[in-house]
Amino acid sequence: MNNNGKCRAKRSSQTHFIHHIQIIKQSKTSLVSAKMAFNYRFAILFVLLSTTFSLSTAALVEQKPRHSHSGTPLKGSITLNLVWYGKFTPIQRSVIVDFIRSISSPAVAKGPSVASWWKTTEKYKKGVSTFVVGKQLLLENYPIGKSLKSPYLRALSSKINAGGARSITVVLTAKDVTVEGFCMNRCGTHGSKASGAYVWVGNSESMCPGYCAWPFHQPIYGPQSPPLVAPNGDVGVDGMIINLATLLVNTVTNPPQEAVSACTGVFGSGAYPGYTGRVLVDKSSGASYNALGLAGRKYLLPAMWDPQTSTCKTLV
């Protein structure tokens, strides 16, 4: 081989070597980029999971929907009808009916009462709302099954029309009845029907007490503080009282920021996420409560937003 041939072979070898080096560098760059991309995706996933956890915790504490009916506050004497769907014991029914009657009956023993809790609603559009228990319908044989779609709730509420436009029909579903969205993103709801408004609340005892009956059961998410003892000895029904109280207030006041939903998870002074705040404790039963009602009943009621002081008003 002459010198020219040797030079061409040498240059070809060098070119091949340089090209090989470039491929290696490109491979390393690709690996670094892939690693950075993986880290970036992992960071995004972490943020999403953290956000989901936070939202789940918020949903747990909130437990309440923010749907509105017509937007007009209900004032004056309001007829409140009850549809009991499924099996409720007489004691369970009396706990709920006594709560409703306590709202408009200030004659209870000294101390924070259901009636004094309700008085904050008078600050919305400046008017008094009182309840009169109207008709009650017991549907213990589950006439439309044990799995209800949302439209069924309005249909059930329309079975009673006593009171007309100045009425609220409350549909209460038993612990073995599933409702669309129940335990997933709501524990109850309220809305309007052809005549008056309606409210639905479900008994979560068998399905999701940690979601809809907190603080009487350990929460599904968030701080795992010990549950409180239910004041009426029934986790499901005492949880229903909290949600019913919330929805009745929101139905009657119906401001842009619903009165109780603005004070999510607050039951007493000093509350913070996972802690109800200061509540009263019954010395004999150890049950927690913050309001007295008729027939010696005790209830735990959520704080209500006071539009005059712009604070969550608690009873204790």
Side-chain angles (χ1 to χ4, degrees), residues 64-83 95-108 112-136 154 157-158 160-172 188-201 240-264 266-267 290-295 297 299-315:
K64 295 106 183 168
R66 291 180 179 268
H67 307 302
S68 298
H69 53 89
S70 62
T72 303
L74 295 173
K75 297 297 178 182
S77 179
I78 301 168
T79 300
L80 203 153
N81 307 303
L82 299 169
V83 176
V95 168
I96 293 175
V97 172
D98 285 343
F99 164 69
I100 294 168
R101 288 177 173 155
S102 298
I103 289 174
S104 304
S105 301
V108 297
S113 67
V114 174
S116 62
W117 169 80
W118 184 257
K119 281 186 69 65
T120 302
T121 63
E122 297 176 15
K123 299 180 180 182
Y124 287 84
K125 304 287 182 163
K126 296 185 177 180
V128 178
S129 300
T130 59
F131 287 134
V132 176
V133 177
K135 294 183 178 181
Q136 298 188 51
R154 184 180 280 104
S157 71
S158 298
I160 302 180
N161 292 312
R166 304 198 61 76
S167 69
I168 301 173
T169 299
V170 179
V171 177
L172 301 156
T189 192
H190 69 96
S192 59
K193 57 178 184 172
S195 179
Y198 77 93
V199 165
W200 158 70
V201 176
M240 292 180 78
I241 292 293
I242 293 174
N243 296 316
L244 177 60
T246 298
L247 292 166
L248 288 178
V249 171
N250 290 346
T251 301
V252 168
T253 59
N254 206 41
Q257 178 88 46
E258 294 183 328
V260 177
S261 295
C263 300
T264 292
V266 178
F267 294 89
N290 59 8
L292 301 171
L294 295 176
R297 298 283 185 197
Y299 299 100
L300 186 68
L301 303 178
M304 199 183 306
W305 182 259
D306 188 326
Q308 295 180 355
T309 62
S310 295
T311 58
C312 289
K313 185 174 182 180
T314 59
L315 291 172

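Keep in mind that the numbers below use all heavy atoms, side chains included, and drop hydrogens, waters and symmetry copies.
The ring of W117 has its center no closer than 6.0 angstrom to the ring center of Y299.
Here the side chain of W118 pairs a donor or acceptor atom with the backbone of S129 at under 3.5 angstrom. K193 contributes no side-chain N or O that, together with a main-chain N or O of Y198, makes up a donor-acceptor pair within less than 3.5 Å. In this structure, S102 contributes its side chain and L294 its backbone to a donor-acceptor pair below 3.5 Å. Within the 3.5 Å criterion, the main-chain N or O of F267 finds a donor-acceptor partner in the side chain of N290.
Two residues are said to be in side-chain contact when any heavy atoms from C-beta on lie closer than 4.5 Å; V170 and I96 fail this criterion. Looking only at side-chain heavy atoms (C-beta outward), Q136 and V97 come within less than 4.5 Å of each other.
D306 contributes atom CG, which lies 11.0 Å from atom OG1 of T314 (distance to the nearest 0.5 angstrom). Taking NZ of K313 as the start and OG of S116 as the end, the distance is 8.0 Å to the nearest 0.5 Å. Atom CD1 of I241 is separated from atom OG1 of T246 by 11.0 Å, given to the nearest 0.5 angstrom. To the nearest 0.5 Å, atom CD1 of residue I168 and atom OG1 of residue T79 are 9.5 Å apart. Here the CD atom belonging to E122 is positioned 10.0 Å from the OG1 atom belonging to T130, to the nearest 0.5 angstrom. Considering CH2 of W305 and OG1 of T253, their distance stands at 13.0 Å, rounded to 0.5 Å.
Residues G293 and V114 approach most closely at CA-CG2, 4.2 Å, considering heavy atoms. Scanning both residues, A291 and L315, for their nearest heavy atoms gives CB-CD1, 3.7 Å. Minimum heavy-atom separation, S167 to S195: OG-O, 4.1 Å. In terms of heavy-atom proximity, L301 sits nearest to A245 at CD2-CB, 4.1 Å. Of all the heavy atoms in I100 and V133, the pair that sits closest is CG2-CG2, 3.9 Å. Of all heavy-atom pairs spanning V199 and T251, the tightest one is CG2-OG1, 3.6 Å.
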Item to check | Residues L248, L80; criterion side-chain contact (heavy atoms from CB on, under 4.5 Å); working and verdict | outcome: CA-CA 10 Å; L248 288 178; L80 203 153; 3.7 Å; yes

Checklist entry - Are V252 and Y124 close enough, and set up right, to give a side-chain contact (heavy atoms from CB on, under 4.5 Å), and what steps lead you there? => result CA-CA 9 Å; V252 168; Y124 287 84; over 6 Å; no

